[in-house]
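Since the structure comes first, as structure tokens, the remarks are kept for the end.
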Amino acid sequence: MKASQMYINTLRDVPKEAEIDSHILLLRSGMIKKMVSGVYNYMPLGLKVLKKIEDIIREELDKVGCEEILCSALQPKELWVESGRWAKYGPELMRLKDRHDSEFCLGPTHEEVFTSIVKDYVRSYKDLPLTLYQIQTKYRDEMRPRFGLMRGREFIMKDAYSFDKDEDGLNKTYDLMYKAYSNIFDRLGLNYTVVLADTGAIGGSLSHQFMALSNIGESVIIYNDNYAADQEKAESLPEIEHSLEDLGEIEEVYTPNISTIDELSSFLNVPKKKIVKALVLKNYQTKEIFVCLLRGDRELNRIKLVNFLGANEFDIDFASDEDIEKINSNKGYTGPLELNHVRIFADKEVPSIKNSIVGSNKSDYHLKNVNFGRDYTCEVLDLRLAVKGDKDIVKGEPLNEERGIEVGQIFKLGTKYSGSMKANYIGIDGKEKPIIMGCYGIGVSRTLQAIVEQNHDERGIIFPSNLAPYLYAIVPVKYKDEMKDLSDQIYSLLESKSLSTILDDRDKSIGQKASDMELLGVPYIIIVGRDAKEGKVEFKDRYNNTTEIISKEELLKRIK
RNA sequence: CGGAAAAUAGUUCAGUUUGGUAGAGCGCCUGGUUUGGGACCAGGAUGUCGCAGGUUCAAAUCCUGCUUUUCCGACCA
């Protein structure tokens with residue numbers, strides 16, 4: 001295509017809304033344009049790339065027997081009430097009313113819709129298995145939209161839902177989808193890793209996330225050769241203290257205005273590992289209050305607590321100062337002894353801490369030599385956030401930490417939706433059974449940004465050749481005389497081979513034209529300049545950052 | 001939703017402290033000179049200074065309220 005006819009809206013300045021490279025480049029290249037916070041319009045070049053990503057996804061899913069449909073983003077409240085998620089999903093669900101005051105939501109995901117479609121269709125085990133998917137715009141009223149397409153309030157997602165007659169079938173489908181996802185992300189050229197994941201609001205028994213590795217990623221991956229999980233999910237071996245220390249008598253120590261672990265550790269000159277941290281949390285739905293005990297140097301993994309309680313994630317939060325007083329404690333001085341009306345949980349590491357320091361529940365005092373079992377006891381479970389340096393639960397080897405962008409996630413749902421929505425089938429034994437489901441998402445627009453994040457340099461985007469909006473750009477230094485002739489020749493040759501090409505015929509300086517093509521992510525740039533008389537051009541390869549002067553014939557050989 | 005910052009031309013920003021004619025670079029238009037990395041010269045167009053109130057002879061500037069945006073935390077594809 002000729003550049004003079006194209007929408008090429010490149011920006012020289014960095015738009016002030018953007019912070020990270022991929023966001024800046026997507027805006028500067030004119031691929032996307034923001035409408036309001038977290039909502040973007042896709043401009044021609046951006047849409048081209050997006051479509052290429054979508055096509056790869058379609059090809060790989062179709063290959064494993066999925067079929068594409070397209071559902072409405074607008075969903076009636078009734079479906080969500082049926083699955084129980086109208087109440088459970090929280091403020092992130094974009095809710096709206098029509099003129100009759102009927103309630104709707106804009107779908108953040110489509111388990112309900114797909115389940116209701118399939119429930120109408122499937123009568124017998126002979127109709128199963130079945131996997132349907134769609135590529136569609138989703139909505140989520142994010143608290144904080146961020147980083148452009150990375151976390152928008154509107155985003156494009158591929159969501160697939162599988163329907164099987166039994167666990168065995170689900171396992172097979174899940175494995176197929178796992179493989180299809182690997183093929184997709186391989187073909188997209190992403191540097192990614194697959195991790196075990198929490199099932200979150202969607203629910204289910206097993207889940208993997210596909211993470212594009214990047215230091216701007218919002219997820220933390222805990223991994224080594226034996227184990228890889230999202231930090232929310234990650235388990236590690238508890239560090240058990242094997243000390244021969246004798247148990248001391250409980251002693252009160254005066255610790256005025258010392259309410260954090262850091263202060264306490266230096267004030268008493270004891271390692272943080274000797275201190276038991278007590279966090280007071282509340283389920284704001286049920287008004288229940290919990291105290292979580294952790295070793296002083298550890299962080300609480302709230303997801304683990306939420307999952308154990310079977311609560312809604314957004315209902316669990318730190319308790320207020322008044323709540324803390326209600327359980328007979330004092331902010332900054334909470335400890336496991338003499339608490340009222342509260343469930344206490346200890347992380348697995350806590351019982352082995354000998355002669356620990358704990359809060360006394362009254363201001364300005366802590367207790368020394370407090371021992372689990374002798375002085376108090378409570379439910380023990382895995383509550384701590386796994387971090388780098390912990391030992392994995394498979395072979396006990398040290399774990400690493402890395403950041404990742406979550407581009408895909410697959411879930412074994414089981415009967416979570418088919419159960420509540422009564423999506424049943426008649427089995428071979430004539431009995432009615434719930435369909436066994438799986439669901440599989442890919443954040444398509446986010447993936448676009450992840451690709452940009454992983455494929456750029458200081459000059460611009462360097463798209464993989466199968467994703468580039470255009471593979472070649474012909475940039476005449478001046479679009480006239482022999483430069484024009486040679487450019488036109490090369491252009492029609494490339495076009496005749498169906499190689500996507502931009503001919504930059506704009507009346508702009510060479511610097512501007514070349515910079516634009518580099519910014520847009522065109523991998524091969526052919527500059528037609530002073531050597532045009534001899535039929536030679538400059539061939540620039542953005543992948544290995546080389547430029548060569550070659551003849552037209554040599555060029556044709558290269559492009560095959 | 002907590003904490004912080006910001007909102008002025010298409011865009012990036014100055015001007016606000018100390019109230020008094022609306023500014024610059026880039027971009028855009030016209031003409032010319034240029035043409036190997038966002039070139040130069042001359043001329044030109046472009047504003048609800050986020051919105052609404054208030055103070056004042058006078059408000060981009062001071063006061064109040066609101067809205068929007070960005071960043072940091074808590075949430076997720």
Side-chain angles (χ1 to χ4, degrees), chain A residues 9-20 23 27-28 30 33-39 89-93 107-110 135-159 197-202 207 209-212 217-219 230 232 284 300 302-303 306 312-318 404-411 439-450 459 475-481 483 506-519 525 527-532 537-538 540 547 549:
Chain A
N9 185 13
T10 51
L11 307 173
R12 200 167 170 178
D13 294 312
V14 175
K16 60 181 168 187
E17 70 187 80
E19 190 87 343
I20 60 168
H23 188 194
L27 289 168
R28 282 226 298 134
K33 201 163 162 44
K34 187 177 76 170
M35 204 154 69
V36 293
S37 176
V39 180
Y89 210 89
E92 272 172 24
L93 191 61
T109 169
H110 279 232
I135 295 176
Q136 190 230 22
T137 304
K138 300 283 194 261
Y139 297 86
R140 184 166 303 170
D141 197 354
E142 285 287 343
M143 275 180 193
R144 175 141 108 89
R146 220 192 306 214
F147 299 156
L149 303 181
M150 206 62 89
R151 172 173 303 285
R153 294 191 293 174
E154 182 187 88
F155 55 99
I156 297 169
M157 181 158 113
K158 186 286 301 171
D159 48 330
D198 181 63
T199 49
I202 295 178
S207 176
Q209 278 174 345
F210 289 70
M211 298 279 199
E218 297 183 272
S219 308
D230 187 295
E232 289 183 346
Y284 282 84
L300 172 68
R302 232 157 48 107
I303 304 289
V306 166
N312 291 338
E313 192 169 345
F314 56 86
D315 287 335
I316 303 284
D317 207 340
F318 288 107
I405 301 164
E406 190 193 329
V407 286
Q409 184 160 15
I410 56 180
F411 296 85
C439 88
Y440 316 87
I442 292 178
V444 180
S445 39
R446 175 184 282 184
T447 297
L448 167 60
Q449 189 162 342
R459 298 190 147 272
V475 182
V477 169
K478 183 78 189 161
Y479 191 56
K480 68 172 186 190
D481 306 330
M483 289 183 269
R506 296 175 298 172
D507 184 24
K508 287 182 182 283
S509 76
I510 173 67
Q512 246 179 97
K513 291 187 282 194
S515 305
D516 274 356
M517 295 307 126
E518 285 165 342
L519 178 58
I525 298 170
I527 295 178
V528 184
R530 61 171 94 82
D531 299 323
V537 298
E538 183 178 310
K540 189 160 186 167
T547 39
I549 310 289

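The sequence lines fix the lettering, A, B, ..., with proteins before strands; numbering per chain opens at 1.
- Straight-line distance between the C1' atoms of B:rG20 and B:rC71: roughly 37 Å, to the nearest whole Å.
- Residues forming a side-chain contact (heavy atoms from CB on, under 4.5 Å) with A:Arg144 (at least two apart in sequence, or on another chain): A:Arg146.
- A donor-acceptor contact shorter than 3.5 Å links the side chain of A:Ser445 to the backbone of A:Ile156.
- Between the CZ atom of A:Phe318 and the C1' atom of B:rC1 there is a distance of 15 Å, given to the nearest Å.
- The two residues A:Gln409 and A:Ala197 come nearest to each other via the heavy atoms NE2-CB, 3.4 Å.
- Comparing the C1' positions of B:rA5 and B:rG50 gives an interatomic distance of 16 Å, to the nearest angstrom.
- A:Arg506 has a carboxylate O that lies under 4.0 Å from a charged side-chain N of A:Asp516, or vice versa, which qualifies the two as a salt bridge.
- A:Glu19 pairs by the side chain to side chain donor-acceptor pair (under 3.5 Å) definition with nothing, not counting sequence neighbours.
- Comparing B:rA60 with B:rG47, their C1' atoms are spaced 11 Å from each other, to the whole Å.
- No engagement by A:Gln209 is indicated, since no non-hydrogen atom pair under 4.0 Å with the nucleic acid exists.
- No contact: A:Pro91 has no heavy atom under 4.0 Å from any strand.
- Between the P atom of B:rA77 and the CG atom of A:Asp159 lies a distance of 12 Å, rounded to the nearest Å.
- Across all strands shown, B:rC63 is found opposite B:rG53 as a Watson-Crick or G-U wobble partner, with both distances under 3.5 Å.
- Among the protein residues, A:Ile510 comes within range of the sugar-phosphate backbone only, with heavy atoms under 4.0 Å from sugar or phosphate atoms but none that close to a base.
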Report task. Could you run through nucleotides 67-73 of chain B and give me one letter per nucleotide, 5' to 3': B if any protein heavy atom sits under 4.0 Å from the base, S if only the sugar-phosphate is that close, - if neither? Result -> --SSBBB
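- Across all strands, A:Val14 comes closer than 4.0 Å only to sugar-phosphate atoms, never to a base (heavy-atom distances).
- Applying the side chain to side chain donor-acceptor pair (under 3.5 Å) test to A:His23 and every residue at least two apart in sequence or in another chain returns A:Tyr40.
- Each of A:Val407 and A:Val528 was matched to the nucleotide of RNA chain B holding its nearest heavy atom; the match closer to the 5' end belongs to A:Val528.
- Remark: A:Glu142 pairs with A:Arg140, A:Pro145, A:Arg151, A:Arg153 by the side-chain contact (heavy atoms from CB on, under 4.5 Å) rule, at least two apart or across chains.
- One atom, CD of A:Glu142, and another, P of B:rA77, lie 9 Å apart when rounded to the nearest Å.
- Pairing partner, B:rG27: none, since no Watson-Crick or wobble contact has both distances short of 3.5 Å.
- Every residue was checked against the side-chain contact (heavy atoms from CB on, under 4.5 Å) condition with A:Ser515, not counting sequence neighbours, and none meets it.
- Across all strands shown, A:Glu518 has heavy atoms under 4.0 Å from base atoms, whether or not it also approaches the sugar-phosphate.
- A:Lys480 has its NZ atom 8 Å from the P atom of B:rU35, to the nearest Å.
- Atoms NZ (A:Lys478) and P (B:rG37) sit 15 Å apart, rounded to a whole Å.
- Of all nucleotides present, none satisfies the Watson-Crick or G-U wobble test against B:rA22 with each distance under 3.5 Å.
- Using P as the reference atom, B:rA4 and B:rG10 are 32 Å apart when rounded to the nearest Å.
- Here, B:rG19 and B:rU12 have their C1' atoms 27 Å apart, quoted to the whole Å.
- Distance noted for atom P between B:rG3 and B:rG65: 15 Å (whole Å).
- Rounded to the nearest Å, the gap between the C1' atom of B:rG31 and that of B:rU18 is 45 Å.
- When heavy atoms are screened at a 4.0 angstrom cut-off, A:Ile442 is found touching no nucleic acid atom at all.
- Here A:Gly441 lies out of heavy-atom contact (under 4.0 Å) with every strand.
- With hydrogens and angles ignored, the 3.5 Å screen pairs a side-chain donor or acceptor of A:Gln449 with a backbone N or O of A:Leu149.
- The distance between atom CD1 of A:Ile410 and atom P of B:rA77, rounded to the nearest whole Å, is 13 Å.
- Pairing partner, B:rU68: B:rA6, with both Watson-Crick or wobble hydrogen-bond distances short of 3.5 Å.
- Under the Watson-Crick or G-U wobble criterion, with both distances below 3.5 Å, B:rG38 has no partner in any strand shown.
- Between A:Arg28 and A:Asp13 there is no salt bridge, since none of the side-chain N atoms of the basic residue sits less than 4.0 Å from a carboxylate O of the acidic one.
- Residue A:Asp516 is classed as a base contact, given a heavy-atom separation below 4.0 Å to a base.
- Remark: A:Ala532 engages A:Glu482, A:Met483, A:Leu486, A:Val528 in a side-chain contact (heavy atoms from CB on, under 4.5 Å) (not counting sequence neighbours).
- Sequence order on RNA chain B of the closest nucleotides to A:Asp507 and A:Thr10 puts A:Asp507 first from the 5' end.
- Evaluation of the side chain to side chain donor-acceptor pair (under 3.5 Å) rule for A:Arg302 yields no partner, not counting sequence neighbours.
- Straight-line distance from the CE atom of A:Met483 to the C1' atom of B:rU34: 12 Å, rounded to whole Å.
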All N/O pairs under 3.5 Å across the protein-nucleotides 26-29 of chain B interface:
| from | atom 1 | to | atom 2 | distance (Å) |
| --- | --- | --- | --- | --- |
| B:rC28 | OP1 | A:Lys508 | NZ | 3.4 |

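- Separating the C1' atom of B:rA52 from that of B:rG38 is a span of 42 Å, rounded to the nearest Å.
- Judged by Watson-Crick or G-U wobble contacts below 3.5 Å, the nucleotide B:rA45 has no partner.
- Between the CD1 atom of A:Ile527 and the C1' atom of B:rG38 there is a distance of 13 Å, given to the nearest Å.
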